[in-house]
Amino acid sequence: MMKKIGSYVGISILFLLILVWGTSKLADHYVLSRWNTEDSAVVIIEEVLGIESDSGGQDEDWESERVTLRILYRNGLKEGTAEELEIVRLKDSRLLLMEGEEYLLLYDVFDDGTVQYSISDRYRLPAVVGFIMFACGMLAIIAGKSGIKALAGLFLSLLFLLGWFVPRLASGYPPVPFAIFTVAFISLITVVFVVRKKELWPIPCIGAVGGALGASVTGWVMVRLWQLTGLESDSAALLSSTSPDMSLQGLLLAAVMVGAIGAVLDVAVSVTSSMSELYEYDPCIPLKRLWKAGLNVGRDVLGSMINTLILAYLGSSLPFVVLIATEGADFIGLLNDPHIAQEILRSVSGTVGLLLTIPVTAAAGTWWIRYCCCPENKEPRDGLAD
């Protein structure tokens with residue numbers, strides 16, 4: 001038995017590594033064949049020939065340097081040819097120029113015909129695609145059919161979010177109504193791929209949507225009371241300047257709903273699965289006992305889910321929190337900061353959504369099992385179990 005498992009894992013990993021390599025190469029070929037080479041190109045640094053300071057009386061914080069490189073072009077009109085050129089960059093740049101690695105080369109042509117070159121970033125897209133494929137493959141190998149179904153649900157959810165929801169928001173549609181519809185659709189997709197019994201699909205969907213709506217209402221109340229504008233982040237301020245008609249408060253509430261849907265769905269599916277198992281074990285289980293079991297399981301799951309939600313929000317804003325701490329802000333000032341208040345809003349709203357998901361899912365499960373799943377000759381009793 002162990003030999004069979006070992007052979008399966010070994011062959012699967014070998015096949016996965018070949019698949020990762022092939023996928024990375026295909027992604028690399030696809031990107032390079034469609035790259036706009038008018039002002040940029042993908043290059044390989046063959047050798048760093050020299051570095052010279054170029055202060056020119058500038059502020060020390062913005063002191064630049066000139067780096068002479070020998071590069072090999074990977075695309076564009078100069079594809080396959082090597083060239084020596086000089087780039088200009090900030091002296092304290094954190095981007096290391098390593099020989100044999102691939103980078104993005106930018107070139108600016110001025111009115112007098114001179115060209116200034118710069119290295120903007122590493123070219124990492126094939127590696128990113130490869131690691132994503134590796135993670136998906138390992139999930140499929142370890143979790144089997146369940147892992148493949150989870151990946152399919154995730155892919156469809158991302159496709160819906162990026163292909164339908166985000167473009168609608170960019171076009172000026174109201175964020176909150178579309179976020180509600182998005183939450184419902186993503187919940188349905190996830191439930192279809194995760195919950196085995198079709199007759200139970202509506203239960204976690206109702207619970208997840210109810211929890212997300214609760215998070216949205218809580219967030220709306222906090223936005224009104226705290227007078228948050230939605231402009232607390234740099235990206236929101238930039239979006240406001242480019243799309244002045246967009247409701248940033250609505251976008252903040254939509255972000256709260258979409259951000260909480262993962263944890264909310266976890267709780268809803270866990271409660272539904274436990275109630276389903278109890279009903280399958282005893283189709284005549286009293287409804288009050290079934291309701292109580294759903295609440296108890298939800299309470300047990302709630303602690304870890306709240307930690308997951310709050311720590312995820314804290315982790316996403318950790319650089320900003322550390323920045324404030326380095327400036328010596330006291331605790332009261334930290335709580336009053338609008339950026340921190342926005343993260344607190346996300347955390348509290350998500351927590352309230354989780355709290356509401358439990359009774360909504362338990363109530364939906366009890367009602368659905370009572371009227372839609374019970375055999376006619378084994379109707380659950382309404383009283384408590386002995």
Side-chain angles (χ1 to χ4, degrees), residues 139 142-154 156-157 182-216 218 256-283 285-313 346-374 380 385:
L139 178 61
I142 296 174
K145 186 178 179 180
S146 298
I148 296 175
K149 292 170 67 175
L151 287 174
L154 175 62
L156 290 176
S157 298
T182 299
V183 166
F185 188 79
I186 291 178
S187 300
L188 178 61
I189 291 176
T190 304
V191 166
V192 167
F193 283 98
V194 172
V195 179
R196 293 173 297 169
K197 299 176 182 179
K198 297 181 180 179
E199 63 272 15
L200 300 178
W201 286 354
I203 301 175
C205 289
I206 295 173
V209 172
L213 286 175
S216 177
T218 304
V256 169
M257 296 176 66
V258 174
I261 186 58
V264 166
L265 266 174
D266 283 345
V267 173
V269 170
S270 298
V271 172
T272 302
S273 298
S274 63
M275 296 177 73
S276 171
E277 290 297 323
L278 284 174
Y279 165 69
E280 186 175 321
Y281 177 77
D282 182 11
I285 184 173
L287 294 181
K288 290 184 179 179
R289 182 67 185 90
L290 193 62
W291 155 267
K292 184 177 179 180
L295 292 181
N296 290 337
V297 171
R299 293 191 188 103
D300 292 339
V301 177
L302 185 63
S304 62
M305 285 295 101
I306 289 179
N307 283 340
T308 300
L309 193 65
I310 293 179
L311 293 179
Y313 286 135
R346 295 173 186 268
S347 302
V348 173
S349 299
T351 301
V352 172
L354 288 175
L355 291 172
L356 292 177
T357 299
I358 297 171
V360 171
T361 306
T366 304
W367 179 86
W368 191 262
I369 290 174
R370 169 67 174 80
Y371 292 100
C372 301
C373 299
C374 287

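Computed from heavy atoms alone, side chains included, the values below leave out hydrogens, waters and symmetry copies.
Considering all non-hydrogen atoms of both residues, Ile261 and Ser187 come closest at CD1-OG, 3.4 Å. The two residues Gly153 and Ile189 come nearest to each other via the heavy atoms O-CG2, 3.7 Å. Here the shortest heavy-atom pairing between Cys205 and Val191 reads SG-CG2, 3.9 Å. Taking every heavy atom of both residues into account, Lys197 and Ser276 meet most closely at NZ-OG, 3.1 Å. Taking every heavy atom of both residues into account, Gly211 and Thr357 meet most closely at CA-OG1, 3.3 Å. Smallest separation of non-hydrogen atoms from Trp291 and Pro359: CZ3-O, 3.5 Å.
Atom CG of Leu295 sits about 8.0 Å away from atom OG1 of Thr366, to the nearest 0.5 Å. How far CD1 of Ile186 is from CG of Leu265: 8.5 Å, rounded to the nearest 0.5 Å. Atom-to-atom distance recorded for Leu188:CG and Trp201:CH2 is 8.0 Å, nearest 0.5 angstrom. In this structure, CD in Glu277 is found 8.5 Å from OG in Ser274, a value given to the nearest 0.5 Å. Here the straight-line distance linking atom OG of Ser273 with atom CD of Glu280 works out to 11.0 Å at 0.5 Å rounding. Within the model, atoms CD1 of Ile203 and CE of Met275 stand 6.5 Å from one another, a figure rounded to the nearest 0.5 Å.
A donor-acceptor contact shorter than 3.5 Å links the side chain of Thr272 to the backbone of Ala268. Between the side chain of Thr218 and the backbone N or O of Gly214, at least one donor-acceptor pair lies under 3.5 Å.
Looking at heavy atoms from C-beta onward, Val192 lies out of side-chain contact with Lys149 at the 4.5 angstrom threshold. Residues Phe185 and Ser157 fail the side-chain proximity criterion, which asks for heavy atoms closer than 4.5 Å. Counting heavy atoms from C-beta on, the side chains of Ile206 and Thr361 never come closer than 4.5 Å.
With Val269 as reference, Val195 is the one residue of Val195, Val301, Val264 to meet the side chain to side chain contact (heavy atoms under 4.5 Å, CB included) rule.
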